[in-house]
Amino acid sequence: MDNHTFGFTREDPWRIFRIMAEFVDSFETLSQVGPAVTIFGSARTSRTDPCYKTAVELGRGLAQHNLAVITGGGPGIMEAANKGAAAARGKSVGLNIELPFEQKANRYANVPIHFHYFFSRKVCFVKYSIGFVFMPGGFGTLDEFFEVITLVQTRRIPRFPLILFGSKYWKGLIQWIKASVGNNRFINPEDLELVTVTDDVRKAIDLIVDYQRRVSPPETHPKTLA
């Protein structure tokens with residue numbers, strides 16, 4: 001066993017305590033925010049981009065319905081959604097993470113939580129949300145989309161509203177899923193009905209608010225996230 005391997009195995013058990021600390025701190029904070037909606041999107045979106053302005057409007061509208069807004073806490077779409085929620089005097093949650101580039105905590109998150117590990121952060125996006133909005137973004141946004149839709153498809157979490165915002169941006173992905181994944185029967189035809197594609201902020205908000213009215217947040221979390 002070389003020195004690198006020995007160092008890794010020796011440090012690994014202690015790393016568990018850092019992971020536990022992230023879960024304890026984040027669960028304690030997020031359990032107090034009430035019903036929330038997570039908004040995903042690119043950190044690279046500029047403040048002059050129409051998507052940025054849309055995310056501000058979306059964050060504001062959700063907060064006006066007493067829904068907390070959760071983002072990854074960074075710039076771009078995340079900053080915009082946090083900005084809108086904060087402007088409406090709502091709970092604006094930022095789950096920030098250490099990255100070598102792009103990610104820097106935005107100043108609009110009035111409930112900031114810091115993470116070192118991606119997986120503990122991803123659990124928190126899902127555990128405390130009753131709806132998810134995916135705005136145009138890169139690998140991180142795609143990663144979250146496929147993870148959340150898999151959890152819904154496999155019934156590990158309830159059928160929360162999953163909204164792909166920006167029909168032009170998501171059109172190619174939906175077509176590919178239908179043509180390649182669907183036609184090869186890797187998913188069921190009804191699986192794509194789990195997603196709503198829209199360009200309308202009001203429709204996105206109404207879908208989530210209507211879900212909240214119809215289905216109260218579960219008393220206990222699904223087994224995957226319990």
Tightest non-hydrogen contact, residues Phe160 and Ile130, listed as CD2-O, 3.4 Å
**side-chain hydrogen bond (donor to acceptor under 3.5 Å, both in side chains) between Thr198 and Thr196, worked out** = CA-CA 6 Å; Thr198 187; Thr196 299; over 6 Å; no
CD1 of Ile70 to CG of Leu95, rounded to nearest 0.5 Å, is 6.0 Å
Here the gap from Ile97 atom CD1 to His114 atom NE2, rounded to the nearest 0.5 Å, amounts to 8.0 Å
Cluster link [X] to [Y], ILVMFWY, side chain under 4.5 Å:
| X | Y | value |
| --- | --- | --- |
| Phe165 | Leu62 | yes |
| Tyr52 | Val133 | no |
| Trp170 | Leu207 | yes |

Paired with Phe40, the ring-ring contact (aromatic ring centres under 6.0 Å, His included) test is passed by just one of Phe139, Phe145, Phe134, namely Phe134
Quiz item: Under 3.5 Å, side chain of Thr45 to main-chain N/O of Gly76, donor-acceptor pair present?
Solution: no
Residue Phe119 excluded, over 12 heavy atoms near CZ under 6.0 Å: yes
Check: Does CD belonging to Glu190 count more than 12 external heavy atoms closer than 6.0 Å?
Finding: yes
Handout entry: Beyond-backbone contact of Cys124 with Phe115, side-chain heavy atoms, under 4.5 angstrom
Key = yes
